[in-house]
Amino acid sequence: MYRRTFLKIAMISSAGIGSLLKSNFSLAKGISSKAFEGVTGERCYVAPAKGPIPTSLTDLFKVGPGPSSSHTIAPLRISSDFLKALENLPKDVMDKAQSIEVRLFGSLSATGKGHRTDRAILAGLLGQKPETCDTRLMDELQDTTKRYTTTIGGKTFVLGRDIIVWDKVEHNYPYSNTMIMRLIGKNGETLFEREYYSTGGGFYQWKGQPPPNRGKPVYPYGSMIEFKMLVQEHKKSLHEIMMENEKAIMKVGDKEVIAHLDFILKTMENSVKQGISEEGLLPAPFEFHRKAKRVYERSKKARATDRLMQQISSYALAGSEGNAAGRLAVTAPTLGSAGTMPALVYMMKHHLKLSQDAMRKGLLAAGLVGFLCKHNASVAGADVGCQGEIGVASSMASAMISYATGASIDVTEVAATIALEHHLGMSCDPVGGFVLIPCIERNAFGAIKAYNAYLLAKNEITSQRWEDLDRVIIAMYETGMAMSPRFKETGTGGLAVTMVDC
Ligand code: SF4
């Protein structure tokens with residue numbers, strides 16, 4: 001039942017399905033409901049057909065200040081977009097303007113203070129861009145009494161924390177993380193307004209936004225099964241298809257795509273390098289100590305059987321602690337999971353000594369997994385819990401190390417599937433809304449699970465495996481939709497409650 005439904009969807013959305021039955025690949029097979037007494041077809045889940053993925057690697061892998069992609073990078077990008085919109089307003093509108101108001105809803109309101117959402121908004125309105133953001137300014141913005149005078153569209157504004165309203169946590173907007181930005185006139189009237197949504201991983205959109213001026217993918221796909229059919233039909237490898245699509249979507253050449261991949265790999269490596277050399281407290285209203293350096297240093301004297309696991313953990317802690325400190329990090333797929341992929345990147349470079357070309361190919365495989373998860377489920381803790389952040393990061397990291405070390409597309413998919421499958425159901429419950437507990441250690445576990453998934457996949461007979469990536473992604477979505485909002489980044493359930501004394 002499931003198999004037939006799934007393939008029917010694939011048939012509609014892909015011209016290459018004709019070659020499916022002749023395929024040499026391990027294709028999604030699913031277990032017949034007849035195998036289970038009492039299980040009817042109605043209980044089988046029907047996968048929605050969502051069309052081809054239009055996303056670019058520059059959307060997925062973004063660089064910006066920590067600690068959160070949805071609560072820090074996206075608000076910074078949003079206020080930067082609003083600033084640009086204001087600069088393009090007619091002079092007579094700007095002449096009537098007096099102030100700017102920002103209203104935060106949902107998880108942005110519930111946990112935004114711990115995620116530095118307010119500082120990110122002010123930084124964006126002051127002209128900062130995520131990838132070049134002055135992290136010293138972000139630190140300075142901690143002072144809630146400070147006021148900044150800035151000129152926008154020829155008009156002078158005084159900006160401070162009082163322009164931000166922490167509005168309702170429960171609301172009826174279509175996305176949990178909603179942010180409304182307004183230009184207010186002298187009589188309190190709204191002169192210009194945009195309703196923005198932070199949709200996870202630093203992505204954002206606004207109500208009524210026209211589609212971006214981008215190209216279309218040369219090889220359109222919306223699921224792993226469709227992607228594998230393209231590989232077979234066009235006799236191209238995973239990384240070739242990813243490269244061709246990226247060039248077409250962004251209307252650029254090889255050079256630009258490679259430069260972006262190298263920038264991402266370098267930023268990840270640097271985040272680990274810096275993190276394993278730093279000590280002290282992380283910014284928080286309670287005492288929270290870094291430990292990556294200690295774990296790393298002690299790994300050098302650890303028993304041989306413990307050493308590698310300890311080192312990978314220290315790398316993940318390092319990337320994640322740097323993110324919590326507000327350093328520049330990469331959304332992979334989010335900043336909450338900023339330590340998971342960098343741990344494996346550092347390991348691939350410094351332990352396995354892989355070439356830059358192999359690392360790029362691995363990053364492209366990780367990108368494919370990230371795209372599929374974002375497209376068919378979500379990478380936002382506010383939507384699907386931590387399975388969408390650390391779970392997806394672990395899945396991406398496992399695909400990356402597998403493909404970079406020469407695994408086939410089947411083995412790469414199995415690695416990604418195992419890593420994601422064993423994060424299903426994980427809630428998002430950051431204590432006090434800070435990306436510290438449980439987030440930092442979760443990155444270490446995400447990295448270790450990614451490595452273990454890679455080892456298991458290497459030894460898997462792929463044709464004997466039942467689970468496939470598409471179905472596990474759908475299971476993640478279904479699980480996330482059924483989760484109580486208490487466990488989706490609202491700070492009202494799980495550790496966020498039990499860790500706090502009355
Ligand atoms: S618990 Fe997981 S999803 Fe939630 S903020 Fe932390 S890392 Fe992100």
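Numbering of ligands and ligand atoms starts at 1, following listing order.
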Inset, instruction - Would you tell me whether Ser56 and Glu246 have side-chain atoms, one donor and one acceptor, within less than 3.5 Å of each other? - result: yes
Inset, instruction - Could you tell me whether any N, O or S atom belonging to Cys386 is less than 2.8 Å from atom 2 (Fe) of ligand 1? - result: yes
Legend entry - ligand 1 atoms in contact with Cys428 (distance to a heavy atom under 4.0 Å): 1 (S), 3 (S), 4 (Fe), 5 (S)
Legend entry - Where ligand 1 meets Glu389 - atom numbers and elements under 4.0 angstrom, heavy-atom basis: 3 (S), 7 (S), 8 (Fe)
Inset, instruction - Could you check whether the rings of Phe105 and His171 sit parallel, tilted or perpendicular, using 30° and 60° as the cut-offs? - result: perpendicular
Inset, instruction - Determine, for Arg465 against Glu421, whether the closest basic-nitrogen to carboxylate-oxygen distance falls under 4.0 angstrom. - result: yes
Legend entry - Numbered atoms and elements of ligand 1 in range of Cys439, under 4.0 angstrom, heavy atoms: 1 (S), 5 (S), 6 (Fe), 7 (S)
Inset, instruction - Kindly assign one of parallel, tilted or perpendicular to the pair His71 and His115, based on the angle between their ring planes and the thresholds 30° and 60°. - result: tilted
Legend entry - Those atoms of ligand 1 less than 4.0 Å from some heavy atom in Gly336: 7 (S)
Inset, instruction - May I ask you to list the atoms of ligand 1 that are less than 4.0 angstrom from any heavy atom of Arg442? - result: 1 (S)
Legend entry - Between Tyr221 and His375, a side-chain donor and acceptor under 3.5 Å: no
